[in-house]
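So the structure is just underneath, and the comments pick up after that.
Owing to the predicted nature of the structure, the values given are computational and were not obtained by experimental measurement. Scope of the values below: all heavy atoms of this structure, side chains included, with no hydrogens, waters or symmetry mates.
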Amino acid sequence: MHMSLPWTIHQVAEASSTNDLAFHFPAWTIVRCDEQKRGRGRFNRAWLGHAGGLWATYNVPLDSAAAADWSTLPLVAGLALVRSLEALGLEQARLRWPNDLLIGSKKLAGILVERPAGDMACIGVGVNMHNSLAAMQGRTTDPPVRLADLIHPCPSVEEYMLQLAHELVLVHTQFTHGGLRALLPQLARVWKVRLPVSIETDAATYQGIFQGITENGSPIVQLANGTRRSIPAHLVNRLSETRTPGGE
C-alpha cells in the first residue's frame, strides 16, 4: 500500500514505550520501534515487544466532539484492527472488550490509548507478527499467537503498519463525524461470539453473557435472570471471559 495518507512516520530501533515517544509528536504521526522494552497495556500491565512485531503508536487529532468521547477510542482502534486483518483474509479475529484482539482464546494484539493533550490521542498498538513467542511463554495472561502462523504469506511489519494506518483513517473519520454511534453497526460484529463473562467493579462483580456495547461504549451483559444490564465503562476494572470459544 502506498503512503497516500496523512501520516508522518518516526521510526527508532528501540524504545521503552512508543506511546511515551509519541507524546512529543503532533497528530498524524506514527511512532514505531523495532523493540519495545517497557511496553504497557491497560492498568500498566506489561506488554512484551520483541523484534519482529508491530509496536507502534498512531497519533490522531480530536475535535471538541471527539475529545468528549475519546475514552471509546480503544473500540475505534479495535475495529480498525479487525478490518485490517479481514483485508488480509483473517476472518476469525475478534475483539474482547475493550482493547484486546484475539484468535479464539489466543491474544494477537492489544491497544492502549492515552491523551497527552486536549486535541490529540495516542493509540498504542502491539501486534504479534514475526516475533518469537518463546520468550512470552508463561509470562502473559492470555496465550499468545502471531500473524505469521495464521496467514501465508504474512506481510512485513512495515506493510501491515500502513494497512492499519489506512483503516484507522477511515474509522477515525467516521468517529469524528458521528461519534461512536456511527460505528455501532460495524462494532456489533467484531465480538464474533457471545460468551459468558465476569465484569469486576469496585462495588460488585457481574456475571452474564456479553451482548455488546451501549452508545457510549459500556459493556452490556445478560444476567442469569434474563435481564440485560449495562455496566458504565469507567467503573469496570476488568472484564474476563469465563468460557472461551469452543469451550477451550
Side chain to side chain donor-acceptor pair (under 3.5 Å): pairs with one or both residues in residues 73-96, sequence neighbours excluded: Arg83-Glu167, Arg83-Gln186, Ser84-Tyr160, Glu86-Arg189, Arg94-Glu241, Arg96-Asp100, Arg96-Asp142

Pair Asn19-Ser17, side-chain donor/acceptor within less than 3.5 Å: no

Shortest non-hydrogen contact between Asn128 and Pro144, atoms and distance: ND2-CB, 4.0 Å

Whether Trp70 side chain and Glu114 backbone form a donor-acceptor pair below 3.5 Å: no

Residue pair Ser218 / Pro232: nearest heavy atoms and the distance that separates them: OG-CA, 3.5 Å

Value rounded to 0.5 Å, distance of CE in Met120 from CG in Asn59: 4.0 Å

For Val113, the option from Val125, Val76, Ile123, Val60 that meets side chain to side chain contact (heavy atoms under 4.5 Å, CB included): Ile123

Proximity of Phe210 and Trp97 rings by center, below 6.0 Å: no

Trp7 and Trp28 aromatic ring geometry - parallel, tilted or perpendicular at 30°/60° bounds: perpendicular

Main-chain N/O of Cys122 paired to Thr57 side chain as donor or acceptor, under 3.5 Å: no

Donor-acceptor contact present, side-chain Gln36 to main-chain Thr18, <3.5 Å: yes

Leu223: partners by side chain to side chain contact (heavy atoms under 4.5 Å, CB included), with sequence neighbours left out: Val221, Asn225, Thr227, Arg229

ILVMFWY network linking Ile30 to Leu21, side-chain heavy atoms under 4.5 angstrom: no

